[in-house]
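Below is one structure, written out as C-alpha coordinates; comments come after it.
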Amino acid sequence: MKIIKNKTYLKDYKKKIEYKHLNTEIERIKSIEGLILDSQNLKSLIINPLSITYGIEQKKGDLKEIYTAKINQKIRLYIKPIGEYPYNIVEITELEFLKIDDKHYGDG
(Lines give C-alpha, C1' and ligand atoms only; values in the text may rest on other atoms or scores of the structure.)
Protein backbone atom coordinates (compact mmCIF):
# COMPACT_ATOMS: atom_id res chain seq x y z
CA MET A 1 0.00 0.00 0.00
CA LYS A 2 0.93 3.64 -0.34
CA ILE A 3 0.67 6.36 2.33
CA ILE A 4 0.03 10.03 1.55
CA LYS A 5 0.73 12.49 4.37
CA ASN A 6 -1.20 15.75 4.04
CA LYS A 7 -0.09 19.14 5.41
CA THR A 8 -2.39 19.00 8.44
CA TYR A 9 -0.96 15.63 9.47
CA LEU A 10 2.65 16.82 9.08
CA LYS A 11 1.91 19.95 11.15
CA ASP A 12 0.12 17.91 13.85
CA TYR A 13 2.96 15.37 13.92
CA LYS A 14 5.56 18.06 14.56
CA LYS A 15 3.44 20.04 17.04
CA LYS A 16 1.85 17.19 19.02
CA ILE A 17 4.47 14.42 18.78
CA GLU A 18 7.98 15.60 17.82
CA TYR A 19 8.12 18.86 19.79
CA LYS A 20 6.96 17.06 22.93
CA HIS A 21 9.58 14.30 22.43
CA LEU A 22 7.00 11.52 22.62
CA ASN A 23 9.39 8.72 21.60
CA THR A 24 6.98 5.87 22.34
CA GLU A 25 4.35 7.49 20.14
CA ILE A 26 6.88 8.08 17.35
CA GLU A 27 7.76 4.37 17.39
CA ARG A 28 4.09 3.43 17.39
CA ILE A 29 3.40 5.64 14.35
CA LYS A 30 6.37 4.08 12.54
CA SER A 31 5.01 0.62 13.37
CA ILE A 32 1.57 1.56 12.04
CA GLU A 33 3.18 2.90 8.85
CA GLY A 34 5.11 -0.35 8.47
CA LEU A 35 1.95 -2.40 8.92
CA ILE A 36 0.14 -0.32 6.29
CA LEU A 37 3.03 -0.50 3.82
CA ASP A 38 3.26 -4.29 4.25
CA SER A 39 -0.46 -4.75 3.51
CA GLN A 40 -1.63 -5.37 -0.05
CA ASN A 41 -4.94 -3.53 0.32
CA LEU A 42 -7.34 -2.19 2.93
CA LYS A 43 -8.98 -5.58 3.44
CA SER A 44 -5.68 -7.28 4.29
CA LEU A 45 -4.90 -4.42 6.68
CA ILE A 46 -8.22 -4.72 8.51
CA ILE A 47 -8.06 -8.52 8.91
CA ASN A 48 -4.44 -8.45 10.09
CA PRO A 49 -4.26 -9.28 13.84
CA LEU A 50 -1.86 -6.37 14.36
CA SER A 51 -4.61 -3.95 13.32
CA ILE A 52 -6.42 -4.92 16.53
CA THR A 53 -3.24 -4.19 18.52
CA TYR A 54 -2.97 -0.74 16.94
CA GLY A 55 -6.69 -0.09 17.25
CA ILE A 56 -7.28 0.45 13.54
CA GLU A 57 -11.03 0.73 13.14
CA GLN A 58 -13.65 2.49 11.08
CA LYS A 59 -15.38 5.50 12.63
CA LYS A 60 -19.13 5.48 12.99
CA GLY A 61 -21.83 8.02 12.17
CA ASP A 62 -20.94 11.06 10.10
CA LEU A 63 -17.26 10.09 9.89
CA LYS A 64 -17.82 6.52 8.67
CA GLU A 65 -15.43 7.03 5.72
CA ILE A 66 -12.55 7.65 8.17
CA TYR A 67 -10.43 5.04 9.97
CA THR A 68 -8.51 5.72 13.17
CA ALA A 69 -5.40 4.16 14.67
CA LYS A 70 -4.65 4.32 18.37
CA ILE A 71 -1.35 6.08 19.15
CA ASN A 72 -1.88 6.11 22.92
CA GLN A 73 -4.88 6.42 25.25
CA LYS A 74 -5.40 10.06 24.27
CA ILE A 75 -4.05 10.43 20.72
CA ARG A 76 -5.64 9.01 17.55
CA LEU A 77 -4.36 9.07 13.97
CA TYR A 78 -7.07 9.74 11.37
CA ILE A 79 -6.67 7.76 8.15
CA LYS A 80 -8.77 8.11 4.99
CA PRO A 81 -8.76 5.63 2.10
CA ILE A 82 -8.23 7.24 -1.30
CA GLY A 83 -11.41 6.64 -3.30
CA GLU A 84 -15.12 7.20 -3.16
CA TYR A 85 -17.32 6.03 -0.29
CA PRO A 86 -18.70 3.32 -0.08
CA TYR A 87 -15.32 1.67 -0.45
CA ASN A 88 -14.45 -1.59 -2.11
CA ILE A 89 -11.82 -2.47 0.50
CA VAL A 90 -10.14 -4.98 -1.81
CA GLU A 91 -9.35 -2.24 -4.35
CA ILE A 92 -8.06 0.40 -1.89
CA THR A 93 -4.25 0.55 -2.10
CA GLU A 94 -3.65 4.15 -0.96
CA LEU A 95 -4.34 5.73 2.41
CA GLU A 96 -4.05 9.38 3.44
CA PHE A 97 -2.98 10.40 6.92
CA LEU A 98 -5.37 13.26 7.73
CA LYS A 99 -4.54 14.48 11.22
CA ILE A 100 -3.57 13.56 14.76
CA ASP A 101 -6.41 14.14 17.21
CA ASP A 102 -5.74 14.57 20.94
CA LYS A 103 -8.83 16.50 22.02
CA HIS A 104 -11.69 14.02 22.49
CA TYR A 105 -10.21 11.13 24.45
CA GLY A 106 -9.71 12.39 27.99
CA ASP A 107 -6.40 12.91 29.75
CA GLY A 108 -4.66 9.78 28.46
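Computed over heavy atoms, backbone and side chain alike; hydrogens, waters and symmetry mates excluded.
In this structure, CD1 in I79 is found 11.0 Å from CD in E57, a value given to the nearest 0.5 Å. Note that CD1 of I66 is 15.0 Å distant from CZ of R76, once rounded to the nearest 0.5 Å. For the atom pair CG (N48) and CD1 (I56), the distance works out to 8.0 Å, reported to the nearest 0.5 Å. Note that CD1 of I82 is 11.5 Å distant from CD1 of I3, once rounded to the nearest 0.5 Å. Atoms CG and CD, from L77 and E25 in turn, are 12.5 Å apart once rounded to the nearest 0.5 Å. Note that the CD atom of Q58 and the OG1 atom of T68 stand 10.0 Å from one another [nearest 0.5 Å].
Y87 and Y85 have perpendicular rings, their planes meeting at more than 60° on a 0 to 90° scale where under 30° would count as parallel.
Y9 and F97 get closest at one heavy-atom pair: CB-O, 3.4 Å. Taking every heavy atom of both residues into account, Q40 and T93 meet most closely at O-CG2, 3.7 Å. Contact detail for I46 and S51: the closest heavy-atom pair is O-OG, 3.0 Å. Residues E94 and M1 approach most closely at N-CE, 4.3 Å, considering heavy atoms. Residues K80 and E65 approach most closely at CG-O, 4.2 Å, considering heavy atoms.
One hydrophobic cluster, built from ILVMFWY side chains closer than 4.5 Å, cannot hold both L45 and V90; they sit in different ones. Side-chain heavy atoms closer than 4.5 Å link hydrophobic residues (I, L, V, M, F, W, Y) into clusters, and following such links, possibly through other members, connects Y54 to I26. The hydrophobic cluster containing L95 also contains L50, counting ILVMFWY residues as joined when their side-chain heavy atoms lie under 4.5 angstrom apart, directly or transitively. Linking ILVMFWY side-chain heavy atoms closer than 4.5 Å, directly or via other members, places I47 and L37 in two distinct hydrophobic clusters. In the hydrophobic cluster analysis, where Ile, Leu, Val, Met, Phe, Trp and Tyr join through side-chain heavy atoms closer than 4.5 angstrom, L42 is grouped apart from I4.
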Next item on the list: Given side chain to side chain contact (heavy atoms under 4.5 Å, CB included), test Y78 with T8 step by step and report yes or no.
Entry: CA-CA 11 Å; Y78 279 52; T8 304; over 6 Å; no
Checklist line | side chain to side chain contact (heavy atoms under 4.5 Å, CB included) between I89 and N41, intermediate numbers included | finding: CA-CA 7 Å; I89 60 175; N41 55 33; over 6 Å; no
Distance-only check: which donor-acceptor pairs under 3.5 Å involve side-chain atoms of residues 15-24, not counting sequence neighbours?
unit_1: K16; atom_1: NZ; unit_2: I100; atom_2: O; d: 3.1
unit_1: K16; atom_1: NZ; unit_2: D102; atom_2: OD1; d: 3.4

